[in-house]
Amino acid sequence: MDKYIAVIIEGGSEKAVINVLLDNNLLKFNRTDMLEEDVIKSRKGKTFANEHLGYGFRDNQIAIFRILDSHSEKFILPRAFNRMISNITNIYTSPEIEMLFIVYNNDFDNFKNQKTDKKGKKFPAHEWCKKYYKMNDVKSPEFVYDFWNSRPDALVKTIEDYSKKSKDPFENTLASLLRDK
């Protein structure tokens, strides 16, 4: 029984990273394996089901990978659609996808150990990238795509390095989706 893959992303930067990996054949699956041959931006289970699961899929035919920052965001499918889903795997990019730029720049420890400002706050990853790497467009999907697409091997290495630094189990990191070497 063939399976389809649904990759559900949180935002444009996540989409850009996944597209670089897809365009360079670096994932365990390719676009032809995916629902609608593209990533999907439907963060709510009900919306996803209504927009993408009305095609008469068989039981256990769809594997869902959710690329997101938050560990607390819920994804609840309407019961009628549960039989179509083989599994739902959350892939975390905490605290945000811009952490990949920090790992790429060998700055993970500096970022993690940064001191708080007078208000008791630390720079979020995207602000760190703007301040220390002058990446003013770090939230732009076009910038993210162009940056990583010009160095796809570095993206793979960065994802692998980040998975080792992450508190999440390997199966909940982007590295788990990478094609075996």
Side-chain angles (χ1 to χ4, degrees), residues 6-24 26-28 38-45 47-48 64-76 87-181:
V7 177
I8 300 174
I9 49 94
E10 186 174 56
S13 295
E14 290 83 1
K15 181 176 182 173
V17 168
I18 296 299
N19 279 335
V20 168
L21 295 169
L22 284 165
D23 292 349
N24 289 280
L26 297 169
L27 294 176
K28 291 180 178 178
D38 201 2
V39 296
I40 296 169
K41 189 175 181 180
S42 293
R43 291 171 66 176
K44 294 188 183 317
T47 304
F48 169 76
I64 297 175
F65 295 99
R66 298 176 62 224
I67 316 296
L68 67 161
D69 299 340
S70 171
H71 285 73
S72 61
E73 187 175 303
K74 302 291 182 220
F75 187 78
I76 302 168
N87 64 299
I88 299 173
T89 305
N90 292 326
I91 304 293
Y92 298 111
T93 58
S94 300
E96 54 186 339
I97 192 78
E98 289 79 13
M99 281 300 297
L100 294 177
F101 292 115
I102 292 170
V103 172
Y104 173 76
N105 282 289
N106 296 312
D107 221 2
F108 182 82
D109 290 334
N110 289 333
F111 175 79
K112 284 297 190 186
N113 297 322
Q114 67 179 293
K115 297 195 184 309
T116 58
D117 65 13
K118 293 176 184 174
K119 296 179 182 177
K121 296 187 179 191
K122 295 182 177 187
F123 281 110
H126 69 278
E127 291 294 333
W128 183 276
C129 292
K130 287 179 182 181
K131 179 176 181 174
Y132 293 105
Y133 316 137
K134 307 300 182 219
M135 293 178 162
N136 293 325
D137 294 334
V138 73
K139 287 282 195 183
S140 159
E142 295 80 13
F143 171 81
V144 174
Y145 183 87
D146 291 344
F147 183 92
W148 291 119
N149 198 47
S150 68
R151 48 183 75 74
D153 292 336
L155 175 58
V156 168
K157 182 181 181 324
T158 300
I159 289 170
E160 291 170 340
D161 290 348
Y162 183 52
S163 77
K164 294 172 188 166
K165 297 174 185 306
S166 174
K167 294 177 182 174
D168 294 308
F170 177 79
E171 60 271 9
N172 295 110
T173 68
L174 281 172
S176 70
L177 300 179
L178 294 174
R179 180 179 298 284
D180 295 329
K181 295 179 184 178

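Just so we're clear, the structure is a prediction, and the values are computed from it rather than from any experiment. Start at 1 with the first residue, then count along the sequence.
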A.B. asks: Determine whether Glu73 and Arg66 make a side-chain contact, defined as any pair of heavy atoms from C-beta on separated by less than 4.5 Å.
C.D. replies: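 They are in side-chain contact.
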A.B. asks: Less than 4.5 Å apart, any side-chain heavy atom of Phe170 and any of Thr173?
C.D. replies: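 Yes; the side chains approach each other to less than 4.5 Å.
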A.B. asks: Check for me whether the distance between the ring centres of Trp128 and Phe101 falls short of 6.0 Å.
C.D. replies: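 So the answer is no for these two rings.
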A.B. asks: Thr116 versus Lys122: any side-chain heavy-atom pair under 4.5 Å?
C.D. replies: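 Heavy-atom side-chain distance check passes, below 4.5 Å.
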A.B. asks: Determine whether Phe75 and Asn90 make a side-chain contact, defined as any pair of heavy atoms from C-beta on separated by less than 4.5 Å.
C.D. replies: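 Not in contact.
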A.B. asks: Test salt bridge (charged side-chain N to carboxylate O under 4.0 Å, His left out) on Glu98 and Lys130 and set out the steps.
C.D. replies: CA-CA 10 Å; Glu98 289 79 13; Lys130 287 179 182 181; over 6 Å; no
A.B. asks: Where is the tightest heavy-atom contact between Leu174 and Ile91, given as atom of each residue plus distance?
C.D. replies: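 In this case the closest contact between Leu174 and Ile91 is N-CG2, 3.4 Å.
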A.B. asks: With heavy-atom distances below 4.5 Å as the criterion, would you say the side chains of Leu26 and Arg179 are in contact?
C.D. replies: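 With C-beta onward as the side chain, the pair stays apart.
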A.B. asks: In this structure, which one of Val138, Thr93, Ile97, Leu100 forms a side-chain contact (heavy atoms from CB on, under 4.5 Å) with Ser13?
C.D. replies: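 Of the listed options, the one satisfying the test is Ile97.
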A.B. asks: Apply salt bridge (Lys or Arg N to Asp or Glu O under 4.0 Å) to Asp161 and list each qualifying residue two or more places apart in sequence or on a separate chain.
C.D. replies: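 Scan of Asp161 (salt bridge (Lys or Arg N to Asp or Glu O under 4.0 Å), adjacent residues dropped) gives Lys157.
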A.B. asks: How far apart are the closest heavy atoms of Phe48 and Ala6, and which atoms are they?
C.D. replies: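 Heavy-atom minimum between the residues: CZ-CB, 3.8 Å.
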A.B. asks: Looking only at heavy atoms, which two atoms of Ser166 and Asp168 are closest? And how far apart?
C.D. replies: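 Smallest interatomic distance, heavy atoms only, reads OG-N, 3.0 Å.
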A.B. asks: Side-chain contact test, heavy atoms from C-beta onward, threshold under 4.5 Å: evaluate it for Cys129 versus Ile102 and give yes or no.
C.D. replies: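 In short, these two side chains touch, coming nearer than 4.5 Å.
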A.B. asks: Is the side chain of Glu96 donor-acceptor paired with the backbone N or O of His126 at a distance under 3.5 Å, no angle test?
C.D. replies: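 Confirmed, Glu96 side chain pairs with His126 backbone.
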A.B. asks: Is the closest side-chain donor-acceptor distance between Tyr133 and Asp107 under 3.5 Å?
C.D. replies: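 The criterion, which ignores hydrogens and geometry beyond distance, is satisfied for Asp107 and Tyr133.
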A.B. asks: Main chain of Tyr92, side chain of Asn172: is a donor-acceptor contact present, judged purely on distance under 3.5 Å?
C.D. replies: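 No.
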A.B. asks: Got a sec: does the NZ of Lys28 have more than 12 other heavy atoms crowding it under 6.0 Å?
C.D. replies: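 Yes.
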A.B. asks: Using side-chain heavy atoms (C-beta onward) and a distance below 4.5 Å, is Leu21 in contact with Ile159?
C.D. replies: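 They are in side-chain contact.
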A.B. asks: Would you mind telling me which of Glu10, Lys15, Glu14 makes a side-chain contact (heavy atoms from CB on, under 4.5 Å) with Ile67?
C.D. replies: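 The option that passes is Glu14.
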A.B. asks: Compute whether any side-chain donor of one residue and acceptor of the other, for Tyr145 and Asp23, lie under 3.5 angstrom apart.
C.D. replies: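 Indeed, the side chains of Tyr145 and Asp23 share at least one donor-acceptor pair under 3.5 Å.
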